[in-house]
Amino acid sequence: MPEAGVELINVTKKYGNVKAVDEINLRIPAGSYCCLIGPSGCGKTSTLRMIAGHEKASSGDILINGRNVTDLPPVQRGTAMMFQSYALFPHLTCLDNVAFSLRMRGVGKDERRAKAKEMLERVHLPEMAERKPAQLSGGQQQRVALARALITNPSTLLLDEPLSALDPFLRGKMREELKRLQRELGITFIHVTHAQDEAMALADLVVVMERGLILQSDSPRHVFDNPNTPFVARFMGGHNILEGKVSAAGTVSLADGNAIHVNEKLPAAASTVRIAVRSDRMRLMPTDDLPNRLNAKVTAVEYNGSFVRVGLMDVGGADHSLMLSETDFYAHPVALGDSVVAGFQADDVHVLAN
């Protein structure tokens with residue numbers, strides 16, 4: 001088993017009588033990129049701040065590189081934090097912003113400025129050294145904040161929604177930059193986000209949180225393909241949740257009367273079960289090779305360039321969606337209000353554990 005860079009053992013955070021984080025256990029391998037993801041109020045930022053030492057854990061232990069840091073101040077944990085707002089000093093140049101933490105540690109001017117120049121080169125901003133933050137774009141400000149966080153050579157970098165203020169193009173570029181730096185430096189990155197695409201693109205380990213609990217933690221591909229709860233399936237995106245009864249024949253009977261063939265193990269006959277089907281694995285009939293069917297009405301048609309999203313509502317009132325290639329959609333286009341049949345393979349059905 002890989003060495004743990006950060007480990008949380010039965011960690012709880014209470015604000016009065018409210019548990020923001022509820023006895024979570026998490027092991028993040030050293031040198032990996034971990035994304036904590038979940039909706040607002042799920043406990044991900046509280047977890048990050050406890051690791052940083054900016055919030056005190058109500059109970060439990062926090063270990064960094066095998067050392068218990070639960071009661072240590074932030075400066076003694078070997079971590080650095082990059083805040084969502086960047087928190088750059090407006091009156092200082094980029095160079096002095098990056099060098100600031102070394103200045104607070106008593107490092108001489110020449111040494112700290114030399115190291116700050118090296119960090120600005122690492123984030124591809126050496127030409128911006130003498131500019132003030134107001135003279136930079138949002139992406140450039142973020143790079144300066146990143147250089148400032150990394151200049152102390154932390155073993156763990158903590159990032160609190162660092163890409164949320166950027167436009168979609170810059171977000172994509174900065175994702176590449178963060179992943180490049182993490183691989184080059186070989187240190188542990190822990191990144192809080194509510195954006196599924198961000199977590200999928202960056203993480204070696206995705207940790208899905210809800211109501212202070214960790215619902216699932218694994219590789220992005222495993223979490224996306226094998227969600228263990230309806231919440232994880234819906235939140236990570238791209239899944240339709242169907243509910244039905246297990247029949248004696250080993251199929252799932254839906255409210256519309258269709259029998260869904262499943263290749264995964266099902267619970268006992270007559271049990272209520274929920275299954276997930278990826279939206280990109282569903283197709284609109286007619287087709288010749290899709291044994292599973294769902295009767296529905298079209299509620300939305302959204303053109304997205306390379307694909308078209310078709311929103312559906314089944315006979316029980318549940319919402320679903322299909323992601324169809326542009327070619328497939330326009331070969332058999334549908335419109336709002338149309339009655340349709342969506343089809344999918346047995347191999348594309350995942351049985352939810354909870």
Side-chain angles (χ1 to χ4, degrees), residues 1-2 4-29 32-64 68-71 79 81 84 156 158-162 164 188-200 202-241 243 267 272-276 350-354:
M1 181 180 293
V6 175
E7 188 168 7
L8 308 181
I9 304 171
N10 297 325
V11 171
T12 295
K13 178 62 185 177
K14 291 183 179 179
Y15 296 100
N17 294 323
V18 177
K19 282 187 178 180
V21 178
D22 191 0
E23 292 189 40
I24 64 171
N25 290 280
L26 178 63
R27 193 177 190 276
I28 301 171
S32 66
Y33 203 124
C34 172
C35 282
L36 306 180
I37 185 169
S40 297
C42 72
K44 57 187 185 295
T45 297
S46 293
T47 299
L48 193 77
R49 290 178 61 82
M50 285 190 288
I51 295 169
H54 299 310
E55 295 280 358
K56 183 174 175 57
S58 302
S59 61
D61 292 298
I62 300 169
L63 281 65
I64 297 178
N68 194 321
V69 301
T70 309
D71 298 318
T79 62
M81 190 157 182
Q84 184 176 356
T156 303
L158 309 171
L159 304 103
D160 186 10
E161 300 203 38
S164 61
T188 307
F189 276 36
I190 305 176
H191 177 138
V192 160
T193 181
H194 61 270
Q196 297 85 346
D197 61 337
E198 199 171 293
M200 300 286 284
L202 286 167
D204 304 308
L205 176 68
V206 169
V207 180
V208 185
M209 298 187 67
E210 165 68 345
R211 298 183 181 179
L213 300 170
I214 293 175
L215 299 186
Q216 191 167 359
S217 61
D218 214 311
S219 68
R221 184 178 182 183
H222 186 86
V223 171
F224 187 79
D225 282 342
N226 301 280
N228 58 8
T229 70
F231 176 86
V232 174
R234 290 191 182 101
F235 189 80
M236 290 307 293
H239 286 85
N240 297 306
I241 309 300
E243 184 172 304
T272 297
V273 67
R274 285 176 288 192
I275 57 178
H350 173 61
V351 180
L352 296 170
N354 297 300

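Values below: all heavy atoms of this structure, side chains included; hydrogens, waters and symmetry mates excluded.
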Test salt bridge (Lys or Arg N to Asp or Glu O under 4.0 Å) applied to Asp71 - qualifying residues, sequence neighbours left out: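 Checked Asp71 against salt bridge (Lys or Arg N to Asp or Glu O under 4.0 Å); matches are Lys56.
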
Of all residues at least two apart in sequence or in a different chain, which pass the salt bridge (Lys or Arg N to Asp or Glu O under 4.0 Å) check with Arg49?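 Residues passing salt bridge (Lys or Arg N to Asp or Glu O under 4.0 Å) with Arg49: Glu55.
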
[Y] side chain reached by [X] side chain, heavy atoms, under 4.5 Å:
X      : Y      : result
Glu198 : Ile37  : no
Thr12  : Val21  : no
Ile241 : Arg234 : yes
His350 : Pro227 : yes

Within this structure, what is the [atom1]-[atom2] distance for the pair [X] and [Y], rounded to the nearest 0.5 Å?
X      : Y      : atom1 : atom2 : value
Glu7   : Ile62  : CD    : CD1   : 11.5 Å
Ser217 : Met209 : OG    : CE    : 10.5 Å
Ile9   : Leu63  : CD1   : CG    : 5.0 Å
His194 : Leu36  : NE2   : CG    : 14.0 Å
Asp218 : Asn226 : CG    : CG    : 8.5 Å

Looking only at heavy atoms, which two atoms of [X] and [Y] are closest? And how far apart?
X      : Y      : result
Val11  : Met50  : CG1-CE, 3.6 Å
Gly38  : Phe235 : C-CZ, 3.4 Å
Leu213 : Ile24  : CA-CG2, 4.3 Å
Glu23  : Lys19  : OE2-NZ, 4.3 Å
Thr70  : Asp61  : OG1-CA, 3.3 Å

Tell me which pairs pass salt bridge (charged side-chain N to carboxylate O under 4.0 Å, His left out) where either residue lies in [range], with sequence neighbours left out.
range            : value
residues 223-233 : Arg221-Asp225, Asp225-Arg278
residues 203-217 : Lys179-Asp204
residues 34-47   : none

Between Thr193 (side chain only) and Ala195 (backbone N and O only), is there a donor and an acceptor less than 3.5 Å apart?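 It does hold such a pair.
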
Quick one: does Asn228's side chain have a donor or acceptor within less than 3.5 Å of a partner on Leu215's backbone?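 Checked: pair present.
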
Which is it for Met81 and Asp160 under the side-chain contact (heavy atoms from CB on, under 4.5 Å) test, yes or no, and what are the steps along the way? CA-CA 8 Å; Met81 190 157 182; Asp160 186 10; 4.1 Å; yes

Using the test side-chain contact (heavy atoms from CB on, under 4.5 Å), find all partners of [X] that sit at least two apart in sequence or belong to another chain.
X      : answer
Ala203 : Cys35, Val206, Pro220
Asn10  : Asn25
Thr156 : Val6, Ile64, Thr79, Leu158, Thr188, Ile190

Applying ring pair (Phe, Tyr, Trp, His ring centres under 6.0 Å), can you list everything that pairs with Tyr33, at least two apart in sequence or on another chain?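 By the ring pair (Phe, Tyr, Trp, His ring centres under 6.0 Å) rule, Tyr33 matches Phe189, His191.
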
Side chain to side chain donor-acceptor pair (under 3.5 Å) with Lys13: which residues, sequence neighbours excluded?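 Side chain to side chain donor-acceptor pair (under 3.5 Å) check on Lys13 returns nothing, list empty.
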
For Ser164, what residues pass the side chain to side chain donor-acceptor pair (under 3.5 Å) criterion, not counting sequence neighbours?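 Partners of Ser164 under the side chain to side chain donor-acceptor pair (under 3.5 Å) test: Gln84.
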
Only pairs at least two apart or in different chains count here, so list each ring-ring contact (aromatic ring centres under 6.0 Å, His included) that has a residue in residues 202-228.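 Every ring-ring contact (aromatic ring centres under 6.0 Å, His included) pair that includes a residue of residues 202-228, provided the two are not neighbours, is Phe224-His239.
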
